[in-house]
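Reviewing the structure listed below.
Here is how names work: the chains are called A, B, and so on, in the same order as the sequence lines, proteins then strands, and each is numbered from 1. The shown structure was predicted, so the numbers you read here are calculated from the model rather than taken from an experiment.
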Number of protein chains: 2
Amino acid sequence: MQLTSKGRYAVSAMVDLAGHQDEGPITLSSISERQFISLSYLEQLFRKLRESGLVDSVRGPGGGYRLAKATHEITIADIMHAVNETIQTTMCKSETEGCHRGSRCDTHNLWTALGHHINFFLETVTIQDVCDDKNYIDTLKAVEKTLMQH
Amino acid sequence: MQLTSKGRYAVSAMVDLAGHQDEGPITLSSISERQFISLSYLEQLFRKLRESGLVDSVRGPGGGYRLAKATHEITIADIMHAVNETIQTTMCKSETEGCHRGSRCDTHNLWTALGHHINFFLETVTIQDVCDDKNYIDTLKAVEKTLMQH
DNA sequence: CTATACCCGAGCAATATGGTCAAGTATAGC
DNA sequence: GCTATACTTGACCATATTGCTCGGGTATAG
């Protein structure tokens, strides 16, 4: 699992975009100024965000980026997935092959559970929540309700 | 936040150690064979584990390592802390200084909540649990109860 | 005295991260 | 059409970290 500043930058940029939605297409240079992220780097990030269908682009003068979905439909997990590679907690290649030279390692269930735990959080929180600066404890409660139904 | 194979190796080694406790001091070379981790690398990891007070060492022939506490007193977080650096989700240096050139960034609460979320898990699960190969969903429920009392 | 097994520091290959640079291409407006 | 705007893309690179090795120590049981 990797949770680096690349993912943080991407989330910050998307939240910024969400906060200026009503102004029409938002240029990367304006996001760059507000969020202190270099333009070149933003271009790299938004390429991936676009390829993942999270934003739409408008080319030419007056162009920029727009969110492709409603703010409550875009989760933090969506963004992290778009810019980072897959979030892995185990080192096992496949489920069948196992991680420990044939057999499954003693800590397999631990890392799997941790992965679920983190993903539940990231998949539950949307950029709408971040814009509202929500009290995330409420979100964690919702997460647990989901878990209890298992 | 970093969750790399270094931490995984350390946890695997500690679980292995816990599983052979009754045999007296356990040599790193035996752990090396069972867990497929190089001896030199294990020495590096156990130096940190010892400095953190998680294991005791016995030098000389017949020597090896022993857990310094009971299995239910050693959490996964303890181990990760010992070998990795601090687990950080925010990039803010200090609480007062803020992360965003003076002011606090829009996503500050998000990353703080995520950090709590992950740490609650890691601090709740002990190597005893891993040895028992516990159903971690139960643990997650206990975590949530703690959160609800906030 | 010697074999065992922990202890410690230096260093290194591979990888990933965070970021730049230099070119494009589409389009609105004149 | 021309031009400025702003997205699009590929190549590239400095730096840091990770995972790991090597070569020597030092303590102690027998």
Side-chain angles (χ1 to χ4, degrees), chain A residues 1-13 17 20 23-68 80 82-88 91 99, chain B residues 1-13 17 20 23-33 35-68 80 82-88 91:
Chain A
M1 147 104 191
Q2 30 202 1
L3 185 51
T4 66
S5 54
K6 182 189 279 187
R8 283 193 289 261
Y9 282 146
V11 172
S12 291
L17 188 52
H20 294 80
E23 303 169 18
I26 305 300
T27 65
L28 291 188
S29 49
S30 70
I31 297 179
S32 170
E33 284 174 18
R34 283 190 295 266
Q35 302 297 325
F36 305 104
I37 309 171
S38 89
L39 180 57
S40 305
Y41 199 38
L42 276 177
E43 287 176 342
Q44 202 179 102
L45 295 177
F46 271 78
R47 188 202 311 201
K48 294 187 180 180
L49 292 172
R50 187 176 51 82
E51 287 168 352
S52 298
L54 298 182
V55 297
D56 287 326
S57 64
V58 181
R59 301 178 72 148
Y65 283 94
R66 264 195 298 251
L67 293 179
M80 306 289 280
V83 297
N84 278 332
E85 291 82 66
T86 49
I87 294 182
Q88 280 190 325
M91 43 181 149
C99 20
Chain B
M1 148 103 189
Q2 31 201 0
L3 185 52
T4 64
S5 54
K6 182 190 279 188
R8 283 193 289 262
Y9 281 147
V11 172
S12 292
L17 188 51
H20 293 82
E23 302 169 19
I26 304 300
T27 65
L28 292 188
S29 49
S30 70
I31 297 178
S32 170
E33 284 174 18
Q35 301 297 326
F36 305 103
I37 309 171
S38 88
L39 179 58
S40 306
Y41 198 38
L42 276 177
E43 286 178 343
Q44 204 179 101
L45 296 177
F46 271 78
R47 188 201 309 198
K48 295 187 178 178
L49 292 171
R50 187 175 52 83
E51 287 167 353
S52 298
L54 298 183
V55 296
D56 288 324
S57 64
V58 180
R59 300 179 73 146
Y65 284 95
R66 264 194 299 250
L67 293 179
M80 306 289 280
V83 297
N84 277 334
E85 291 81 67
T86 50
I87 294 182
Q88 280 189 325
M91 44 182 148

Looking only at side-chain atoms of A:Ser5, point me to the closest of D:dT5, C:dT4, C:dG18.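 Nearest to the side chain of A:Ser5 among the choices is C:dG18.
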For [X] and [N], what is the distance between atoms [atom1] and [atom2] respectively, to the nearest whole Å?
X	N	atom1	atom2	result
A:Tyr65	C:dT27	OH	P	14 Å
A:Leu42	D:dA6	CG	C1'	13 Å
B:Leu39	D:dT21	CG	P	10 Å
B:Asp56	C:dC6	CG	P	13 Å
B:Ile31	C:dA5	CD1	C1'	12 Å

If you assign B:Ile37 and A:Gln44 each to the DNA chain D nucleotide with the nearest heavy atom, which residue ends up on the more 5' nucleotide?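 Nearest-nucleotide comparison on DNA chain D picks A:Gln44.
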Of B:Pro61 and A:Glu43, whose closest DNA chain D nucleotide lies nearer the 5' terminus?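 Its nearest nucleotide lies further toward 5', so the answer is A:Glu43.
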Return no unless some side-chain N or O of [X] is found under 4.0 Å from OP1 or OP2 of [N].
X	N	answer
B:Tyr41	D:dC22	no
B:Tyr9	D:dC20	yes
A:Thr27	D:dT5	no
A:Ser38	C:dT20	yes

Heavy-atom pair with the smallest gap, counting every atom of A:Gly53 and A:Ala68: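 For A:Gly53 versus A:Ala68, the nearest heavy atoms are O-CB, 3.4 Å.
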For D:dT8, does the base pair up with any side-chain atom of A:Arg50 as donor and acceptor (N or O, under 3.5 Å, distance only)?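 No.
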Answer yes or no: side-chain N or O of A:Arg59 and base N or O of C:dT25 forming a donor-acceptor pair under 3.5 Å.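 Present.
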Checking A:Ser52 side chain against A:Lys48 main chain: does a donor-acceptor pair fall under 3.5 Å?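 Yes; judged by distance alone, with no hydrogens or angles, the pair exists.
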Give the ring-plane orientation class for A:Phe46 versus A:Tyr65, where under 30° counts as parallel, over 60° as perpendicular and anything between as tilted.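 Answer is tilted, since the angle falls between 30° and 60°.
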Among side-chain atoms of A:Thr27 and A:Ser29, is any donor-acceptor pair under 3.5 angstrom?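 Distance-only check passes for A:Thr27 and A:Ser29.
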